[in-house]
Amino acid sequence: MDIKSMKNYLYWLYCQFELITCSYLMEPWEKLLFYTFNFTMLVTVLYTAYVFVPVHVSMAFQFVLHLLFGNQHENTVSIVK
Amino acid sequence: INHIVHNGGLYKRPFNEAFEETPMLVAVLTYVGYGVLTLFGYLRDFMRQWKIEKCQNATEREEQKDFVPLYQDFENFYNRNLYMRIRDSWNRPICSVPGAKVDMMERVSHDYNWTFTYTGRVIKDIINMGSYNYLGFAQKAGTCQEAAAKVLSQYGAGVCSTRQEMGNLDKHEELEQLVARFLGVESAMAYGMGFATNSMNIPALVGKGCLILSDELNHASLVLGARLSGATIRIFKHNNMQSLEKLLKDAIVHGQPRTRRPWKKILILVEGIYSMEGSIVRLPEVIALKKKYKSYLYLDEAHSIGALGPSGRGVVEYFGLSPEDVDVMMGTFTKSFGAAGGYIGGKKELIDYLRTYSHSAVYATSLSPPVVEQIITSMKCIMGEDGTTVGKARVQQLAENTRYFRRRLKEMGFIIYGNEDSPVVPLMLYMPAKIGAFGREMLKRNIGVVVVGFPATPIIESRARFCLSAAHTKEMLDTALKEINEVGDLLQLKYSRHRLVPLLDRPFDETTYEETED
């Protein structure tokens, strides 16, 4: 029961996507081209995000920490040495 | 939202007009949709030019390829790539009288709307929400039809001449006297075609050295007539009296552009009901301005005659004004009277002048006798002179239908433009795919609607236009409303945020950029 209404809801969402991007009006080969292009762009963006975002986020985090607490870190390092 | 206090008591009843603003997200998504379609349009044009795809639209011949290109402007691009995709919503052939229910021939297209074939089936009893049948006189049985059939057997169908030569029948004289009595003017003249009434008579009334002040959203016939006349045309914002007054003041103060001489005539062109917006002209204010600045008023009552006013006499009666204040009252018989043709009413000198100098009177064939009889019978019915109260009942039924339909649509959450009392109801669709989808989904549910897009409306403001009729019963309206609700949920058309923006209350000047206050 829940799966059926979920499937209907997803189909309705797909219809809204079709209407907004006007792929409802396109011929099948145009739709294929459009969806392929969109899917490729989406996959590229997601892959780039997966590869680069963690590295960038951790570097940014380290930079902020260095800015705020940089002096304190130096003190502790000198004591250990 | 009434402006009774602001305008010094000119209005005897509240004037409720609203044009809800386009939601920002919807506007952005509409542009996205048009962007995608434009890109695909360029791709298809490229493929057609390089012969990858068969070119099915009109192109120049091989010998003419080096001449000035004919089909490269935006209108033709739009036609080839956007209009063709949704073309099945227009030019649908009907095969019965366009009353409250209509029969339609089923069409199917196998090559994406470039060609259509008829399946042979006739879709019966489609609820007709698109015909201009305001008082329900589009009937194939009844007093009008019997009278018209009798006249057809007496006079025949053709007139075979123009009004000035041998085409002036006694039926035309009877019709013109009746129209003059109906409107409350001294004299009237009837023409064979409503479009031609405007486009052929405005050049007879004004010429070079005159000024025409025309509303932004005037009909093509008025625009054509104004351009043909050779007068200077200035446009004022739609139904905006401050804009009109500013133009009038400038015209009186500065005169003609180069020579500074006073204008020979100033003519204000307005319509009673604007068919794309559903708005009613602010006639009391226009007449007050006209009297103050001594100009003339041409009122095109194509959609409002028979549809407004307690006894159907049009927008002048709706506001409770005197018909003598309007210099030229023009209207058509196509909408409320179920016939064809147009008329002009006014003072006797004006109409006598038009009988001689109008292009339509000299060159165009006059009205056909059965059509004249249909107009005479329906007009007598509306006036109550045929001894029944059918006419009055129809006018009241139309007003009730209008109020009920508009109220229910607003409650459902659609964006509806226009005045509360106008029987023309535009429902905003905005996105191009929804134009085609709305037309097709409504036809699947046996309701025929008219959808309108560019170039009749601005490019993002496409709409579906419902024309209510006195022939619609409450059951038909309820069925239609139920289906519109369903389709609205399916296509997500309920954009309204129930925020009625009041129209601007302070005067319009150079520092005003928006029509509405936030």
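Chain letters run A, B, ... following the sequence lines, proteins first, then strands; residues in each count from 1.
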Within the supplied structure, the quantity of interest is the number of heavy atoms (other residues, nucleotides, ligands) at a distance under 6.0 Å from [X] [atom1]; does it exceed 12?
X: B:Tyr31; atom1: OH; value: no
X: B:Gln56; atom1: CD; value: yes
X: B:Phe74; atom1: CZ; value: yes
X: B:Lys65; atom1: NZ; value: yes
X: B:Trp50; atom1: CH2; value: no
X: B:Glu60; atom1: CD; value: yes

_Using only atom types and a distance under 3.5 Å, with no angle test, would you say the side chain of A:Gln16 pairs donor to acceptor with the backbone of B:Leu490?_
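Yes: the side chain of A:Gln16 pairs with the backbone of B:Leu490.
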Which distance, rounded to the nearest 0.5 Å, do you find between the [atom1] of [X] and the [atom2] of [Y]?
X: B:Leu43; Y: A:Leu33; atom1: CG; atom2: CG; value: 6.5 Å
X: A:Cys22; Y: B:Leu39; atom1: SG; atom2: CG; value: 11.5 Å
X: B:Met431; Y: A:Leu19; atom1: CE; atom2: CG; value: 8.5 Å
X: B:Leu37; Y: A:Thr21; atom1: CG; atom2: OG1; value: 9.0 Å
X: A:Lys31; Y: B:Phe40; atom1: NZ; atom2: CZ; value: 11.0 Å

*asked:* Check this for me, if you would: do B:Arg85 and A:Glu27 make a salt bridge, where the nitrogen-to-carboxylate-oxygen distance has to be below 4.0 angstrom?
replied: no
Can you tell which part of [X] gets under 4.5 Å to a heavy atom of chain A, answering side chain, backbone, both or neither?
X: B:Leu29; result: both
X: B:Asn113; result: neither
X: B:Met84; result: neither

*Within-4.5 Å side-chain heavy-atom neighbours: B:Thr30 and A:Ile20*: no
_Non-hydrogen side-chain atoms of B:Gln492 and A:Trp12 separated by less than 4.5 Å_ =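 Yes. Closest side-chain heavy atoms under 4.5 Å.
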*Give the member of B:Gly35, B:Gly33, B:Gly436 that has the highest number of heavy-atom pairs under 4.5 Å with chain A.*
B:Gly33
